[in-house]
Number of protein chains: 2
Amino acid sequence: MNKKQIQSEQTRKKIADAARHLFVQKGYKATSIEEITAATGSSKGNLYYHFKSKEGLFLYLLDEWDRDWIAKWREKEHLHTTATEKMYGFAEQMVREDLNHPLTKAADEFFIGDDKTCEVEDRLAEMVAEHLSFNRMLIQQGIDSGEFRENDVQGLALVLEALVIGLSQVSRRANLTQALETYRLAIQVFLHGISQNK
Amino acid sequence: MNKKQIQSEQTRKKIADAARHLFVQKGYKATSIEEITAATGSSKGNLYYHFKSKEGLFLYLLDEWDRDWIAKWREKEHLHTTATEKMYGFAEQMVREDLNHPLTKAADEFFIGDDKTCEVEDRLAEMVAEHLSFNRMLIQQGIDSGEFRENDVQGLALVLEALVIGLSQVSRRANLTQALETYRLAIQVFLHGISQNK
DNA sequence: TAAGATATTGACCGAACGTTCAGTATAGAA
DNA sequence: TTCTATACTGAACGTTCGGTCAATATCTTA
């Protein structure tokens with residue numbers, strides 16, 4: 001690869017990294033192009049040379065995030081045998097790789113806002129569906145193995161999604177160990193409940 | 001009261017209602033003053049005659065919401081005897097009175113955003129603390145009565161808060177019956193868990 | 001009814017933001 | 001070295017938005 005191509009790709013990566021960090025920290029709308037370029041040191045025009053638009057940049061980050069997440073999950077999934085273990089692993093990856101990932105905060109802005117492009121809307125709907133499908137699979141697995149009680153799987157998938165989204169928001173300003181603790185407790189509650197009658 | 005005063009108060013209420021509806025539906029930033037005035041039929045200047053600023057309007061809505069919520073809760077609290085029943089009642093009120101209340105969506109925007117006034121920041125921190133305190137009380141009550149297993153109360157309060165926040169987001173585009181169902185299931189899971197081993 | 005207080009209007013302002021573009025710098029090809 | 005495609009710059013543009021204000025309408029009071 002050319003020296004120029006390498007440098008170009010580095011710049012692209014630099015912009016993407018800075019943007020990801022800012023989107024995650026401040027949300028989509030609250031992050032300005034100017035801030036992103038200020039964080040990279042390169043110029044506004046250069047950002048638009050590498051990315052079609054702000055939406056396009058965000059979309060790129062979503063895709064990247066999605067690919068990374070699934071890859072990392074597949075890497076570690078086999079370490080967990082039971083569905084219960086998988087659930088804790090799921091929570092752990094959520095916190096470790098992903099605490100405050102772009103989706104949680106920014107996707108919501110897109111869903112509600114009226115300035116979204118069809119392309120983004122479709123992609124987001126797709127991602128939420130994937131999430132719910134993932135949750136359903138995880139839960140169904142536990143039910144099949146007898147770990148979890150028979151129940152409304154779709155409903156539980158939704159509840160789990162809600163829990164994860166809420167946890168991400170509540171933990172946004174917490175440090176990693178605190179967040180991990182809260183996530184673990186949440187999953188523990190989700191799995192075992194707090195009811196006394198056993 | 002004067003005819004003029006009555007009309008003025010009606011206008012004020014009309015603006016507040018429209019603003020609440022829009023904030024709840026679209027979030028804080030995404031809702032423009034122009035939209036609010038368009039929804040009320042009155043003018044921009046008139047809004048600024050009745051409210052100090054956009055932030056002031058939002059703050060007013062938060063206070064109003066808070067007062068209403070607590071009043072309604074106190075009204076119905078005695079109907080529930082056990083902590084378990086209270087928890088369901090809590091969820092029901094959340095959905096019925098409050099599905100997508102201003103706090104959930106907009107408070108998050110304020111917390112992260114850098115354009116917040118100290119006054120708003122303090123008020124929001126106060127409200128979150130109140131929420132957690134409320135949750136703690138509810139949970140502690142259940143533990144004292146033997147309904148809930150002994151556990152980390154502060155942590156559980158945080159988890160419950162996360163659950164409620166997440167549920168509100170997930171249910172934003174659902175109808176009331178669907179939302180109620182999801183909330184009930186979530187509380188049921190929170191209370192009893194999904195684990196098989198009893 | 002006249003004067004004054006109160007309520008309402010909408011054009012306007014300045015700042016912020018996403019986006020564009022004419023121009024410059026640089027690395028590889030010829 | 002010269003030429004060209006690629007990488008990059010930053011001033012400028014159009015739009016949006018929160019907020020202001022002088023003018024006007026409406027109601028109360030004396």
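Lettering follows sequence order; numbering is per chain, from 1.
Under 4.0 angstrom from either OP1 or OP2 of D:dC8 there lies no side-chain N or O belonging to A:Y49. A:T11 has no side-chain polar atom (N or O) that falls below the 4.0 Å cut-off from OP1 or OP2 of D:dA7. Regarding contacts with the backbone of C:dA7, a side-chain N or O of B:S8 is found under 4.0 angstrom from either OP1 or OP2.
Residues passing the ring-ring contact (aromatic ring centres under 6.0 Å, His included) test with B:Y48: none are found, sequence neighbours excluded. For A:A19, the side-chain contact (heavy atoms from CB on, under 4.5 Å) criterion is met by A:F23, A:I36, A:L57, A:L61, not counting sequence neighbours. Partners of A:R12 by salt bridge (Lys or Arg N to Asp or Glu O under 4.0 Å), not counting sequence neighbours: none found. Residues that satisfy the salt bridge (Lys or Arg N to Asp or Glu O under 4.0 Å) test with A:E92, not counting sequence neighbours, are A:R96, A:R184.
The CG atom of A:L47 sits 12 Å away from the P atom of C:dT20 (whole-angstrom rounding). For the pair A:I6 CD1 and D:dT6 P, the computed distance is 17 Å after rounding to whole Å. At whole-Å resolution of the value, CD in A:Q10 and C1' in D:dA7 are 13 Å apart. The separation between A:I15 atom CD1 and D:dA7 atom C1' is 11 Å, rounded to whole Å. The NE2 atom of A:H50 sits 8 Å away from the C1' atom of D:dC8 (whole-angstrom rounding).
Within the 4.5 Å cutoff, side-chain heavy atoms of A:H50 are placed close to those of A:S8.
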- Note on the structure: Reading nucleotides 13-24 of chain D from 5' to 3' and marking B where a protein heavy atom lies under 4.0 Å of the base, S where only the sugar-phosphate is that close, and - otherwise, the string is -----BBBB---
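A:K52 forms no cation-pi arrangement with A:Y60, by the criterion of a distance under 6.0 Å to the ring centre and an angle within 45° of the ring axis.
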- Could you please spell out the steps behind the salt bridge (Lys or Arg N to Asp or Glu O under 4.0 Å) verdict for B:D17 and B:K13? CA-CA 6 Å; B:D17 286 342; B:K13 196 174 173 335; 3.3 Å; yes
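Of the inter-residue distances, the one linking A:Q10 atom CD with A:I15 atom CD1 reads 12.0 Å to the nearest 0.5 angstrom.
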Restricting both atoms to N or O, compile the protein contacts to nucleotides 27-30 of chain D shorter than 3.5 Å, with distance only.
{"residue": "D:dT28", "atom": "OP1", "partner": "B:K3", "partner atom": "N", "Å": "3.0"}

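Cluster annotation: B:V164 is not connected to B:I70 through the hydrophobic network of ILVMFWY side chains, with a link wherever side-chain heavy atoms come within less than 4.5 Å.
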